[in-house]
2 protein chains.
Amino acid sequence: MQTKQYLRQQLNEHGLRATPQRLIVLQILEQAERHLDAETISQIANIHDPYISLATVYRTLNKLKDVDLVSQLYFARDHKREYYEKVDKAEHYHFTCLTCGKVIEMQTKRINQAKDELAGEHGVAFSHTCMCFEGYCPDCAPKRSDLIHTITSQHTLNHEH
Amino acid sequence: MQTKQYLRQQLNEHGLRATPQRLIVLQILEQAERHLDAETISQIANIHDPYISLATVYRTLNKLKDVDLVSQLYFARDHKREYYEKVDKAEHYHFTCLTCGKVIEMQTKRINQAKDELAGEHGVAFSHTCMCFEGYCPDCAPKRSDLIHTITSQHTLNHEH
DNA sequence: TGCCTAGTTGCAAATCATTCTCAACTAGAA
DNA sequence: TTCTAGTTGAGAATGATTTGCAACTAGGCA
Ligand SMILES: [Mn+2]
Ligand SMILES: [Mn+2]
Ligand SMILES: [Zn+2]
Ligand SMILES: [Zn+2]
């Protein structure tokens, strides 16, 4: 629920021109309550302005990622499709259920502890980490253990885009 | 340095037919001392047998991944290209230097601790995790801090394929 | 030891998310 | 208002991976 002026300011502060297209994309991400891919963002954007092209959405997302206004992530093993979210919230990680496709956000300090430890050990400097968990959510895990004897390894990943 | 018979056995034990193509791909991964992508594996395979097709290499890698003989991973942010390694070694994670492209393998218990903790907290069951670190290696980090005032955010990732 | 068939291969075409080209446009500094 | 570096739309290009299909074959069984 931020005013257009606030979004404009965010762009300018990060050295990006505040074009109508960028304002719309940023607003969509601001208001989104789930993680969106470029195609979905494009569709929503076209409700506001039917002339925003998919290419511009991609270009905008890349810019927003470059200046760290938005983070880009992958879900489960489907690293073909990129998802985006605004970087407001605290650091968190994503778990995707292989059965129902649900994405669960999780927090832990252990990952950063690991990075600190490894940085010291190896003398490296971390700048970015891609991490995605997959498995079975509480709703799907029980059903699965019933089937585990009949089904070998066929997991259907339902992406709800 | 495993005999062909050993590789054949590994395939059969996992329910895969031991075709000449698969034996070659598996052998390449067995002997590799670095992480390989499909294209590279295909080129090496073609030294042994010039008729192995790239499609077969891909199909073989997917099978080997399915039965957990081989693990598939990504490096840094370039999740367009998949890399493979045989799953012999202890669990480890991959750090890629954004300047020189070097890949450093790192071990830590912290990640699994995090997963155990999160599994308990959220009642989920983890089955696979994709994780890749990126940043600057000890060789490149110093040079970078000298340039940090002149260069804004142009990192060249040298992929050595 | 040959037979049979479900599984595998080679080849080429298809896929498909993302990037690129380029001419027309514009945000925002001066 | 002017000027220009940065941005856009449209569509073509990219490129790693997958797929369709007809020809082959590994390996279980007789
Ligand atoms: Mn999130
Ligand atoms: Mn490794
Ligand atoms: Zn689920
Ligand atoms: Zn380096």
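Here is how names work: the chains are called A, B, and so on, in the same order as the sequence lines, proteins then strands, and each is numbered from 1. All values below come from the heavy atoms of this structure, side chains included, with hydrogens, waters and symmetry mates left out.
Within the 4.0 Å cut-off from OP1 or OP2 of C:dT19, not a single side-chain nitrogen or oxygen of A:Y58 is found. Applying the 4.0 Å criterion to OP1 and OP2 of D:dT14, one finds that B:K80 has every side-chain N and O outside that range. Contact annotation: B:N62 side-chain N/O to D:dT17 OP1/OP2 distance is not under 4.0 Å. Side-chain nitrogen and oxygen atoms of A:Q21 include none within less than 4.0 Å of the OP1 or OP2 phosphate oxygen of C:dT26.
Computed from coordinates, the A:Y83 OH to C:dA17 P distance equals 10 Å when rounded to whole Å. For B:L61 and C:dT8, the CG to P distance is 14 Å, given to the nearest whole Å. Between the CD atom of A:Q72 and the C1' atom of C:dT18 there is a distance of 11 Å, rounded to whole Å. We find that CG of B:L54 is positioned 15 Å from C1' of C:dA14, with the value rounded to whole Å. When rounded to the nearest whole Å, the span between CG of A:L11 and P of D:dT8 equals 10 Å. B:D37 places its CG atom 13 Å from the P atom of D:dT18, with the value rounded to the nearest Å. At whole-Å resolution of the value, CG in B:L23 and P in C:dT8 are 13 Å apart. Protein atom CG of B:L64 is 17 Å distant from nucleotide atom P of C:dG7, rounded to whole Å.
Counting any heavy atom pair closer than 4.0 Å across all strands shown, B:R22 reaches sugar-phosphate atoms only and no base atom. As judged by a 4.0 angstrom heavy-atom cut-off over every strand, B:E39 is placed among residues making no nucleic acid contact.
Nearest nucleotide to the A:R81 side chain, out of D:dA16, C:dA17, C:dT9: C:dA17. Listed candidates were C:dG28, C:dA12, D:dT17. Nearest to the side chain of B:A55 is C:dA12. Which of C:dA27, D:dG11, C:dC11 sits closest to the side chain of A:T19 comes down to C:dA27. Picking from D:dG27, C:dG28, C:dT18 the nucleotide with the shortest atom distance to the side chain of B:R17 gives D:dG27.
The 5' end of DNA chain D is approached more closely, in terms of each residue's nearest nucleotide, by A:L16 than by the other of B:R8 and A:L16. Looking at which nucleotide of DNA chain C each of B:K63 and A:P20 is closest to, the 5′-most match is held by B:K63.
Between the side chain of A:E134 and the backbone N or O of A:R77, at least one donor-acceptor pair lies under 3.5 Å.
The shortest non-hydrogen separation linking B:G101 to B:T96 is O-CG2, 4.0 Å. The shortest non-hydrogen separation linking B:V67 to B:L16 is CG2-CD1, 4.0 Å.
A:H35 has its ring centre less than 6.0 Å from the ring centre of A:F75. A:H79 and B:Y74 have their aromatic ring centers within a separation under 6.0 angstrom.
A:V25 pairs with exactly one of A:V70, A:T56, A:L64 by the side-chain contact (heavy atoms from CB on, under 4.5 Å) rule, that one being A:L64.
Judged by distance alone, with hydrogens and angles left aside, B:R59 brings a side-chain donor or acceptor within reach of the base of C:dG10, the pair sitting under 3.5 Å.
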